[in-house]
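Here's the structure we're looking at; comments come further down.
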Protein chains: 2
Amino acid sequence: MTHQRDRGTITITDIARMAEVSKKTVSRVINDLPSVKESTRLRVKKIIEETGFVPNPQAQALALRRSLLVGLVYDNPSPQYITNIQIGILKELEETRYQLVLRPAIRTDPDCHDQILSFVRQHNPFGLIFVPSMSEDPELTDKLDELDCHYVRMACVELGDPSRQIKTNDADGAKLAGDHLARLGHTKIAHIHGPESFLSTHERRAGFQEALKHHGIELKPEFTVEGAYTYASGVDCAKHLFRLTDRPTAIFAGNDEMAMGVYRAAQDAGLRIPHDLSVVGYDDTTMASRVSPPMTSVHSPIREAARAIAKLLITSHKSKEHKAQDARSTIHLDLNIRQSTAPPATE
Amino acid sequence: MTHQRDRGTITITDIARMAEVSKKTVSRVINDLPSVKESTRLRVKKIIEETGFVPNPQAQALALRRSLLVGLVYDNPSPQYITNIQIGILKELEETRYQLVLRPAIRTDPDCHDQILSFVRQHNPFGLIFVPSMSEDPELTDKLDELDCHYVRMACVELGDPSRQIKTNDADGAKLAGDHLARLGHTKIAHIHGPESFLSTHERRAGFQEALKHHGIELKPEFTVEGAYTYASGVDCAKHLFRLTDRPTAIFAGNDEMAMGVYRAAQDAGLRIPHDLSVVGYDDTTMASRVSPPMTSVHSPIREAARAIAKLLITSHKSKEHKAQDARSTIHLDLNIRQSTAPPATE
DNA sequence: AATATTGAGGTAACCGGTGTCATAACATAG
DNA sequence: CTATGTTATGACACCGGTTACCTCAATATT
């Protein structure tokens with residue numbers, strides 16, 4: 001007589017009874033542990049299959065001190081960016097039993113670390129996924145190591161164990177932008193970069209600078225201004241550049257948000273894009289293709305990168321000596337050339 | 001001698017020993033249950049306070065058959081919308097122990113229901129939050145009722161228990177749009193609405209139509225076209241409208257995405273906004289304020305609504321007879337008038 | 001032949017809480 | 001001063017898994 005419970009959920013005890021073995025043996029089968037005769041293993045598996053039994057996550061979490069939760073730690077406020085990250089991760093987690101939990105953070109918040117650490121201590125997540133710029137905090141990762149918490153990171157450069165990270169190679173992306181503008185014949189090229197506290201700022205600026213240098217063009221200090229990766233800062237920085245006596249004919253903005261700000265400032269200043277000013281963005285957001293004229297932007301496959309990082313979290317945990325190189329090499333950057341860039345107007 | 005465990009986590013047993021009471025009494029204090037002498041309660045509370053003890057979520061979930069997970073079920077793919085929803089919910093959940101788990105769904109997927117139901121059965125979430133258009137599925141909610149699963153909904157109309165729902169009153173929002181265009185003097189007004197399968201489509205269209213009627217204007221069938229709430233469909237629908245012999249002088253799009261499509265189509269057709277064509281959107285996304293000219297759009301406080309719905313989930317569970325009217329009444333819609341609307345050009 | 005090793009499997013305690021029920025302490029009524 | 005509630009508290013099983021440890025037979029080793 002089957003003694004059904006609350007929602008008629010089947011437990012490991014039910015399976016054990018049906019297969020006429022002990023709970024422990026069923027547990028061995030579930031976890032693919034040795035010391036189970038092949039015939040027994042098959043018999044148990046068959047019953048599990050037929051009944052659709054799935055081990056209770058809470059009970060496992062309690063016993064193993066490790067839940068099925070995967071925490072996504074982020075601070076980038078761009079909706080487009082963060083939803084792409086989420087979609088990528090969710091895609092990878094789809095067929096697994098893991099659940100994605102959102103852990104937004106504010107890096108400047110004094111108890112930002114504590115919030116994450118207390119989440120880890122209380123909920124014993126399977127692991128954490130860090131995306132920029134939360135991934136760039138070495139102190140935090142040190143603390144997590146102490147707690148023996150599993151995590152992987154997405155970042156623009158290598159920082160730590162390469163087998164637990166996906167590198168987005170922002171410098172390479174910026175090089176594409178620099179190369180493109182130089183080839184068009186621009187020489188008076190400006191760059192609006194992000195805040196110094198972001199590694200991507202340095203990477204993108206360095207890559208851009210290197211590409212220009214390769215073409216014998218100097219990125220002048222007065223043509224290099226600091227924005228905040230926001231629309232408003234893009235407007236301000238562009239206005240500043242337009243006021244210079246010998247204004248630039250091309251601007252590479254550190255991200256699309258700021259590039260959109262450049263569009264606005266250009267319009268206000270009566271500059272036509274691309275005739276009077278070429279603009280290149282970074283991120284290739286949806287907006288880039290919808291503005292008028294459609295904007296040239298560096299495209300980074302965020303979704304795929306997010307999926308790869310989620311995969312890494314799951315696999316790197318099992319096989320510690322796993323090679324992440326393959327995953328990393330799939331991150332392919334390219335420049336989406338649209339109508340916001342053209343050769344400089346002849347005087 | 002304190003026998004520390006793995007991460008030095010303190011358990012209810014530790015507290016019990018320190019307070020010289022049984023586990024059960026500590027449990028009573030934690031859950032604010034009666035039958036605890038005031039002096040005992042205070043003593044236990046003090047120790048809990050001092051040690052920073054927090055009950056283990058997995059153990060509670062196992063015993064109570066109810067976890068601290070709150071599932072967000074959505075299918076709206078707009079990044080801006082969904083991040084606003086998330087931000088609002090997270091804000092409300094911040095000081096609680098609940099964790100937000102993402103459960104994206106595809107309504108047309110045949111096993112969309114099964115995925116949600118199996119999540120519920122396996123993870124025993126505290127509750128689910130449904131946002132449009134996932135909230136409009138009566139079959140699904142019936143099944144959840146069977147499972148005795150707690151849920152709340154955000155929707156544009158009332159559908160079921162009002163104390164477990166937040167109404168966004170889309171019809172009222174659309175009325176604002178209709179009223180605005182009519183007051184400007186437009187009579188040849190078109191509406192690009194969403195798919196018929198969305199309740200918001202009907203609400204917005206009805207509200208818009210009613211506002212026009214109030215001004216003695218008819219919403220002609222040939223000026224009412226169906227889009228898909230996407231940018232591309234907006235472009236197509238607008239192109240169709242422009243080809244009509246007596247084209248409209250104003251268009252109200254069912255959402256900003258489609259309104260952006262109208263912008264593109266207008267530009268391609270050489271129509272200047274607002275001189276040749278007035279455009280009104282719905283949602284008041286970030287893009288609305290950044291396009292050129294900045295777009296008039298119906299503003300709905302999504303974030304606040306999301307926060308309210310999360311609050312409802314938590315509170316309605318405790319006091320079943322809780323009044324949700326207050327929460328609902330705070331949802332205040334308004335029209336953000338920008339430069340995309342103007343009186344029709346005189347012939 | 002005696003002993004060690006291995007394989008297959010079971011038993012019982014445990015993870016950290018909560019439910020049920022019994023009981024001690026105390027207050028009130030008769 | 002006992003009878004009777006009521007309040008405060010604890011003992012113990014249980015939620016559904018896992019780990020540590022044990023048994024027992026079959027095989028390998030000396």
Side-chain angles (χ1 to χ4, degrees), chain A residues 2-45 47-48 51-68 97 121-124 126, chain B residues 2-45 47-48 51-68 97 121-124 126:
Chain A
T2 22
H3 176 68
Q4 292 294 43
R5 276 161 195 76
D6 291 8
R7 282 176 185 169
T9 320
I10 293 159
T11 74
I12 197 173
T13 314
D14 298 325
I15 303 293
R17 190 167 10 75
M18 289 163 131
E20 293 177 298
V21 291
S22 70
K23 277 166 66 176
K24 180 66 232 195
T25 299
V26 179
S27 172
R28 286 192 181 101
V29 173
I30 294 169
N31 298 298
D32 269 319
L33 294 173
S35 292
V36 180
K37 215 197 301 173
E38 203 49 32
S39 62
T40 315
R41 193 183 293 276
L42 287 174
R43 177 157 45 94
V44 173
K45 273 196 168 161
I47 294 175
I48 289 176
T51 55
F53 164 72
V54 179
N56 180 312
Q58 280 84 41
Q60 278 188 318
L62 181 56
L64 294 169
R65 288 168 200 78
R66 176 135 296 180
S67 71
L68 289 172
R97 299 166 62 219
R121 267 190 285 257
Q122 280 180 48
H123 292 269
N124 293 106
F126 169 75
Chain B
T2 21
H3 177 68
Q4 293 293 42
R5 275 162 198 75
D6 290 9
R7 284 176 183 169
T9 321
I10 294 159
T11 73
I12 198 171
T13 315
D14 297 325
I15 303 293
R17 190 166 10 77
M18 288 163 133
E20 293 178 298
V21 290
S22 71
K23 279 166 65 177
K24 182 68 223 188
T25 299
V26 179
S27 171
R28 286 191 181 99
V29 173
I30 293 169
N31 298 297
D32 269 317
L33 293 173
S35 295
V36 180
K37 214 197 299 172
E38 203 50 30
S39 61
T40 314
R41 193 184 292 276
L42 286 174
R43 178 157 44 95
V44 173
K45 273 198 168 160
I47 293 175
I48 289 176
T51 55
F53 164 74
V54 179
N56 180 311
Q58 280 84 41
Q60 278 188 318
L62 181 57
L64 293 169
R65 288 169 201 74
R66 175 135 298 181
S67 71
L68 290 171
R97 299 166 62 219
R121 266 189 287 255
Q122 280 181 47
H123 292 269
N124 294 105
F126 169 76

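First the proteins, then the strands, lettered A, B, ... as listed; each starts at 1. If you're wondering where the values come from, they're calculated on a predicted model, not measured in any experiment.
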* Asked: Can B:V21 and B:V26 be said to form a side-chain contact (heavy atoms from CB on, under 4.5 Å), step by step?
  -> CA-CA 7 Å; B:V21 290; B:V26 179; 3.7 Å; yes

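- Residue B:I30 contributes atom CD1, which lies 10 Å from atom C1' of C:dG16 at whole-angstrom precision.
- Between A:Q58 and D:dG17 there is no side-chain N or O to OP1 or OP2 distance below 4.0 Å.
- In this structure, A:T11 does not reach the D:dC15 phosphate: none of its side-chain N or O atoms is under 4.0 Å from OP1 or OP2.
- Relative to the side chain of B:I12, the nucleotides C:dG17, D:dA11, D:dT18 differ in distance, and C:dG17 lies closest.
- Proximity of a side-chain donor or acceptor of A:S67 to a complementary backbone N or O of A:N124 within less than 3.5 Å is detected.
- Contact record, B:T9 with B:D14: O-OD2, 4.0 Å, taken as the closest heavy-atom pair.
- Taking atom CD1 of B:I15 as the reference point, atom C1' of D:dG10 lies 18 Å away to the nearest angstrom.
- C:dG9 atom P lies 19 Å from atom CZ of A:R17, rounded to whole Å.
- Each of A:L64 and B:E20 has a nearest nucleotide on DNA chain D; the 5'-most of these lies closest to B:E20.
- For B:A59, whose side chain is taken as the heavy atoms from C-beta onward, the closest listed nucleotide among D:dT18, D:dC15, C:dG17 is C:dG17.
- Taking CG from B:L62 and CG from A:N56, the interatomic distance works out to 6.0 Å, rounded to the nearest 0.5 Å.
- Over its full length, the helix from C:dA1-D:dT30 to C:dG30-D:dC1 turns its helical axis through 50°, comparing axes from the five pairs at each end and rounding to 10°.
- Proximity of A:T25 to the phosphate of C:dG10: a side-chain N or O atom is located under 4.0 Å from OP1 or OP2.
- Atom NZ of B:K23 and atom P of C:dT18 are 9 Å apart (whole Å).
- Between B:L68 atom CG and C:dG16 atom C1' there is a gap of 14 Å when expressed in whole angstrom units.
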N/O donor-acceptor pairs under 3.5 Å from side chains in residues 30-45 of chain B, not counting sequence neighbours:
residue, atom, partner, partner atom, Å
B:N31, ND2, B:S27, O, 2.9
B:R41, NH2, B:L33, O, 2.8
B:R43, NH1, B:A19, O, 2.2

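- Contact between B:I12 and B:F53 at its shortest, heavy atoms only, is N-CE1, 3.5 Å.
- A side-chain donor-acceptor contact under 3.5 Å links A:R97 to the backbone of A:P55.
- At D:dG17, none of the side-chain N or O atoms of A:T13 fall inside 4.0 Å of OP1 or OP2 (strictly under the cut-off).
- Candidate nucleotides C:dG17, C:dG10, D:dC15 were compared by shortest atom distance to the side chain of A:R28, and C:dG10 ranks first.
- Residue-to-nucleotide proximity on DNA chain C shows that, of A:R43 and B:N56, the 5′-proximal contact is made by A:R43.
- Interatomic distance, CD1 of B:I48 versus CD1 of B:I10, reported as 10.5 Å (0.5 Å rounding).
- Distance, B:R121 CZ to D:dG16 P: 16 Å, rounded to whole Å.
- We find that NE2 of B:H123 is positioned 21 Å from P of D:dC15, with the value rounded to whole Å.
- At whole-Å resolution of the value, CD in B:Q122 and P in D:dG17 are 11 Å apart.
- The two residues B:Q122 and A:Q58 make their nearest non-hydrogen contact at O-OE1, 3.8 Å.
- Closest approach to the A:K24 side chain among D:dG10, C:dG17, C:dG10 is made by C:dG10 (side chain taken as heavy atoms from C-beta onward).
- Listed nucleotides: C:dG17, C:dT18, C:dC15. Nearest to the side chain of B:S27: C:dT18.
- Checking C:dG16, D:dG17, C:dG10 against the side-chain heavy atoms of A:L62 singles out C:dG16 as nearest.
- Residues from residues 31-38 of chain A lying near DNA chain C, meaning a heavy-atom separation below 4.0 Å, are A:S35, A:V36, A:K37 in numerical order.
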